[in-house]
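Data first, discussion second: the structure below is written as structure tokens.
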Amino acid sequence: MSEFCNNNKLLPIRLTVYNYRNNGTHKMYGQVMTTTRDIEMRQDRTLELRNAKGKVVGKVSFNQF
């Protein structure tokens with residue numbers, strides 16, 4: 001954990017998911033801002049991904065953290 005966030009669990013983390021395209025123009029599918037502490041505190045460890053307009057477009061889950 002110390003290498004990941006220097007033991008500061010309140011540092012912001014941005015997770016961005018892209019839709020892969022063969023021509024190289026990958027499109028952002030969604031993103032979420034969170035912290036290590038937020039992920040640890042969630043019982044289901046699931047975060048909602050939102051597109052640029054703020055609409056929920058999916059979820060990302062952590063099996064292990």
Side-chain angles (χ1 to χ4, degrees):
M1 185 63 66
S2 65
E3 290 180 25
F4 181 68
C5 62
N6 199 26
N7 287 328
N8 183 350
K9 295 183 179 185
L10 299 178
L11 284 176
I13 301 169
R14 180 184 1 210
L15 301 172
T16 306
V17 177
Y18 287 90
N19 185 8
Y20 175 82
R21 293 183 176 173
N22 286 334
N23 66 6
T25 60
H26 314 308
K27 184 177 179 183
M28 186 186 84
Y29 181 72
Q31 67 181 7
V32 62
M33 291 292 293
T34 189
T35 64
T36 303
R37 183 170 184 219
D38 181 45
I39 296 168
E40 289 178 336
M41 299 294 287
R42 293 176 178 269
Q43 289 182 2
D44 62 356
R45 295 202 174 145
T46 300
L47 304 168
E48 292 181 337
L49 293 172
R50 296 183 180 269
N51 65 12
K53 295 180 182 179
K55 180 182 174 187
V56 175
V57 293
K59 295 181 181 182
V60 62
S61 297
F62 296 89
N63 292 333
Q64 220 177 354
F65 195 80

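We're numbering straight along the sequence, starting at 1.
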Practice problem: Find the distance between CG (N51) and NZ (K27) and round it off to the nearest 0.5 Å. | Solution: 8.5 Å
Quiz item: Do L47 and Y18 belong to the same hydrophobic cluster, where Ile, Leu, Val, Met, Phe, Trp and Tyr are linked whenever their side-chain heavy atoms lie under 4.5 Å apart, directly or via other members?
Solution: no
Quiz item: Between CG of N19 and CE of M28, what distance do you get to the nearest 0.5 Å?
Solution: 11.5 Å
Quiz item: Who pairs with N23 by side chain to side chain donor-acceptor pair (under 3.5 Å), at least two apart in sequence or on another chain?
Solution: T25
Exercise. State which residues pass side chain to side chain contact (heavy atoms under 4.5 Å, CB included) with N22; sequence neighbours excluded, sorted by chain then number.
Key: Y20
Practice problem: Starting at OG1 of T35, measure out to CG of N8 and round the result to the nearest 0.5 Å. | Solution: 9.0 Å
Quiz item: Just how far is it from atom CZ of R14 to atom OG1 of T34, taken to the nearest 0.5 Å?
Solution: 13.0 Å
Quiz item: So how far is it from I39 CD1 to K9 NZ, rounded to the nearest 0.5 Å?
Solution: 11.0 Å
Self-check item: Pairs touching residues 49-58 that satisfy salt bridge (Lys or Arg N to Asp or Glu O under 4.0 Å), sequence neighbours left out
Solution: E48-R50
Practice problem: Enter the distance from R45:CZ to D38:CG here, rounded to the nearest 0.5 Å. | Solution: 11.0 Å
Self-check item: Same apolar cluster (I L V M F W Y, side chains within < 4.5 Å links), F62/L11
Solution: no
Quiz prompt | Co-membership, hydrophobic cluster, residues L15 and Y29, 4.5 Å side-chain | solution = yes
